[in-house]
Amino acid sequence: MDMKRAYYEDVRFFSSGAVVFWFAALIIALGIYPFVFKNYYVYVANYVAINIMVVVGLNLLVGYTGQISLGHAGFFAVGAYGTIALMTQAHFPFLAALISAGFIAAILGFLLGLPALRLEGPYLAIATLGFGVTITQIIGKIDLLGGRQGLHAPDLIVLGRHLNTDREFYFLVVPITVLLVLFARNLTKTKVGRAFVAIRDAEIAAETIGVNLVMYKTLAFAISAFYAGVAGGLYAFVLRFIDPELFGLFMSIMFLTMAVVGGLGSVMGPVAGAMLLSWLDLELRNILSVPYLGQWLRQLSEQYFSLTGVSNIQFIVFGGILIFIMIFEPLGLYGFWIRTKKYWKTWPF
Amino acid sequence: MTFFAVNGLSMRFGGLKAIDDVSFEVREGEVYALIGPNGAGKTTLFNCINGIYPPTRGTVIFKDKNLCGKKPDRIAKIGIARTFQNIELFAHMNTMENIMLGRHRFMKTGVFHGGLMWGRRSFAGKEEIRHRRKVEEIIDLLELQSVRKNMVGGLPYGIQKKIELGRALAAEPSLLLLDEPCAGMNTEEKQDMIFWIRDIQDELGITILLIEHDMNMVMDISDRILAINFGQVIAEGTPDEVQRHPEVLKAYLGEDGTT
Ligand SMILES: Nc1ncnc2c1ncn2[C@@H]1O[C@H](COP(=O)(O)OP(=O)(O)OP(=O)(O)O)[C@@H](O)[C@H]1O
Ligand SMILES: [Mg+2]
């Protein structure tokens, strides 16, 4: 029986030798990736990693605590603007600015969590949507933040080193992503994570066993906002130029979509969802230049939609893939993972 | 000291008086049963005691403190735990995790210690292990070993009832509210439940407030009984007294007490 020692095993960082192996393999793969692939793919990796951070954080709120948010692009914007502003206006070093911007986002997350205590489902969706829209409006009105004109990122100096290339930036973004994902994974295995799930599954029972709803719901908002804020701060340096238009409703919906496609209520699901969808998002933009397929899609759109063709034809393909995944596997990519896990768990030992 | 007392408690839902001026006192260490026909207001009384509903009038005193106006999580922290008539488990967690929630009020791991649980010697790791040991004792007591890793949502009804009891016990309450713990159980499961309730009273010294429709069981394990109907107290006393009380016979057997 696994009874008596199981409580040691559950808190072990690696649950088996195979996990150690795969984790080491992952770290090595991440380490050599930017030397193997050409620059564009390093840029893609940075973009994907940033999305992973947001989605893993968002999932703590949506998947674990059962609260919806259509406003995470707002926290993402706060992180991006906050980091740049703290660096240029207050002369913070980069890492201090990034973390501070994360905390500013967390405070806003906490505040947004307060009305969320009284709202559920669609009402909460609208409230968070309102937040996301408002925050970019406000940013657009502040001259200090560049207003509608946007804002340039300053030079990126981390611990005395200038980071100029995508590859150098990769070695900043990816370790932060790995740490934040591991942090989230640990969180879900301890008291706070259990309280989140308890609230999602049976709010009244959670309360009567001692879970403070006000505290844990606002905490879930704050943590997920922190993740989005930090990711936003890094995103500002991927683009090097930001303006309020970037952080629209569509972005919030994309974050939520990544979490759902990946599989709510797990940590690795959203990682997979963020990877697949942000990669698709980038690749499908060029779909019209794919031989044969691109021409065929162009013809199709000219024939059925409009004379000049639909410019955003990639969204149709994108949407088709989403529908396919959700019909085929309602639990998202995490569902695939659970099924194959048994097989992979012990391989190659 | 008053261990537990309800004084002049009333609860209205619009025009309906679900509880109407109910008073009683529970002594420390006893099994006190609450009986009454369907819709009498028993569950509503529980909901007022642990803070889910704010009562319209009256007080609930626990260890000399008034509970009215306090939130459920505060009341849990003072030492009152409960089970629900319609099982309220955390369906997507396994048995062990469900019972771990009972330990919530004793645990100190926050966001930082939790996120930084790097192995069993970290703060969070040590705390987890300490409390899991406690949970393991409860799993042994209630004979839940075989389902400790199963998602509770898919388990049989009787086992879910046991897990709910386990979760409440893990909170180490001094007062335990059980809302129909034997509902839907077969005879054998009922026997076990009666056995555990006795154990909880004798070995753990927990005071129990019990709602139950099975009269044999109620008469068997209760020290005293309160009978209510239409939200009002109709009788109180030892099982013998209440069993023979004309109002109780009337409420249970119909108007003339013969059918
Ligand atoms: N939230 C509520 N809103 C309105 N009416 C309610 C509410 N909760 C309970 N009631 C009503 O209060 C009365 C008492 O209900 P309660 O659930 O306390 O009965 P009970 O004694 O537990 O019955 P049972 O034996 O069927 O569980 C019923 O008439 C019920 O319809
Ligand atoms: Mg009831």
Side-chain angles (χ1 to χ4, degrees), chain A residues 1-15 57 60 63-64 66 106 179-216 219-220 222-223 226-227 264-267 331, chain B residues 50-52 71-77 80-82 84 87-93 96-98 100-120 122 124-133 135-136 139-140 145 148-149 153 164 167-168 170-171 177:
Chain A
M1 290 288 269
D2 66 339
M3 287 157 33
K4 283 304 170 194
R5 298 200 57 77
Y7 42 78
Y8 292 120
E9 278 160 28
D10 285 347
V11 302
R12 273 207 333 224
F13 190 61
F14 297 112
S15 53
L60 289 175
Y64 281 85
L179 285 180
L180 285 183
V181 170
L182 289 176
F183 191 91
R185 174 240 186 227
N186 282 342
L187 199 63
T188 60
K189 286 179 174 267
T190 50
K191 180 187 175 187
V192 175
R194 274 194 300 267
F196 286 168
V197 177
I199 290 173
R200 180 196 70 192
D201 279 4
E203 193 170 296
I204 292 199
E207 212 180 359
T208 54
I209 203 73
V211 176
N212 183 334
L213 292 186
V214 177
M215 177 176 152
Y216 281 92
L219 188 62
I223 295 172
F226 179 85
Y227 273 67
L264 293 171
S266 68
V267 173
L331 293 178
Chain B
N50 81 340
I52 294 173
K71 291 227 172 177
D73 60 287
R74 288 290 314 283
I75 291 170
K77 280 165 194 155
I80 298 181
R82 79 173 278 186
F84 295 85
I87 300 170
E88 294 274 350
L89 284 173
F90 309 121
H92 298 91
M93 286 199 242
M96 197 273 297
E97 289 162 335
N98 265 275
M100 271 302 267
L101 251 301
R103 305 302 299 167
H104 181 88
R105 74 187 186 99
F106 302 107
M107 296 182 78
K108 303 215 154 39
T109 302
V111 176
F112 290 99
H113 281 305
L116 300 174
M117 183 182 71
W118 311 119
R120 73 171 81 154
S122 60
K126 277 195 256 181
E127 194 180 46
E128 280 288 305
I129 289 168
R130 201 164 59 243
H131 289 282
R132 280 180 197 207
R133 247 186 223 132
V135 168
E136 221 64 46
I139 286 178
D140 284 348
Q145 295 94 335
R148 65 190 295 289
K149 290 249 168 180
E164 227 194 0
R167 184 179 67 190
L177 315 179

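Throughout, protein chains are lettered first and strands after them, A, B, ... in sequence-line order, and every chain is numbered starting at 1. Since the structure is predicted, the reported quantities are computational estimates derived from the model, not experimental observations.
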Region of B:I52 in contact with chain A, defined by heavy-atom distances below 4.5 Å: side chain
Proximity breakdown for B:A168 and chain A, heavy-atom pairs closer than 4.5 Å: backbone
Is B:I139 close to chain A through its backbone or its side chain, or both, or neither, when contacts mean heavy atoms under 4.5 Å? neither
Looking only at heavy atoms and a cut-off of under 4.5 Å, which of B:M100, B:R82, B:R105 has the most pairs with chain A? B:M100
Does a side-chain heavy-atom distance below 4.5 Å link A:V192 with B:T109? no
Rounded to the nearest 0.5 Å, how far apart are CG of A:N212 and NZ of B:K71? 7.0 Å
Assess whether a salt bridge exists between B:E97 and A:K189, defined as any Lys/Arg side-chain N lying under 4.0 Å from an Asp/Glu carboxylate O. no
N/O donor-acceptor pair under 3.5 Å between A:D201 side chain and B:H92 backbone: yes
Hey, which of B:A170, B:A171, B:A91, B:S122 has the most heavy atom pairs under 4.5 Å with chain A? B:A91
Can you name the nearest heavy-atom pair linking A:N186 to B:M117, along with the distance? ND2-O, 3.4 Å
Measure distances from A:F226 to the heavy atoms of chain B and classify the residue's part below 4.5 Å as side chain, backbone, both or neither. neither
Is it the side chain or the backbone of B:R103 that comes within 4.5 Å of chain A heavy atoms, both, or neither? neither
Working to the nearest 0.5 Å, report the span between NZ of A:K191 and NZ of B:K108. 8.0 Å
Engaged part of A:I223 at the chain B interface, taking heavy atoms whose separation is under 4.5 Å: side chain
Which one of A:A206, A:A202, A:G193 has the most heavy-atom pairs closer than 4.5 Å to chain B? A:A202
Heavy atoms of A:T208 and B:A76 approach each other most closely as O-CB, 3.3 Å
Option that, when pairs with chain A are counted at under 4.5 Å, heavy atom only, ranks first among B:N98, B:L116, B:V135: B:L116
Counting only heavy atoms not in B:K126 (residues, nucleotides, ligands), do more than 12 fall under 6.0 Å from its NZ? no
Please classify the contact of A:L219 with chain B as side chain, backbone, both or neither, using a heavy-atom distance under 4.5 Å. side chain
Does A:R194 reach the side chain of B:M107, with side-chain heavy atoms less than 4.5 Å apart? yes
So, the side chain of B:D73 versus the backbone of A:G210: is there a donor-acceptor pair under 3.5 Å, distance only? no
For A:A198 against B:M93, the heavy-atom pair lying closest together: N-CE, 3.5 Å
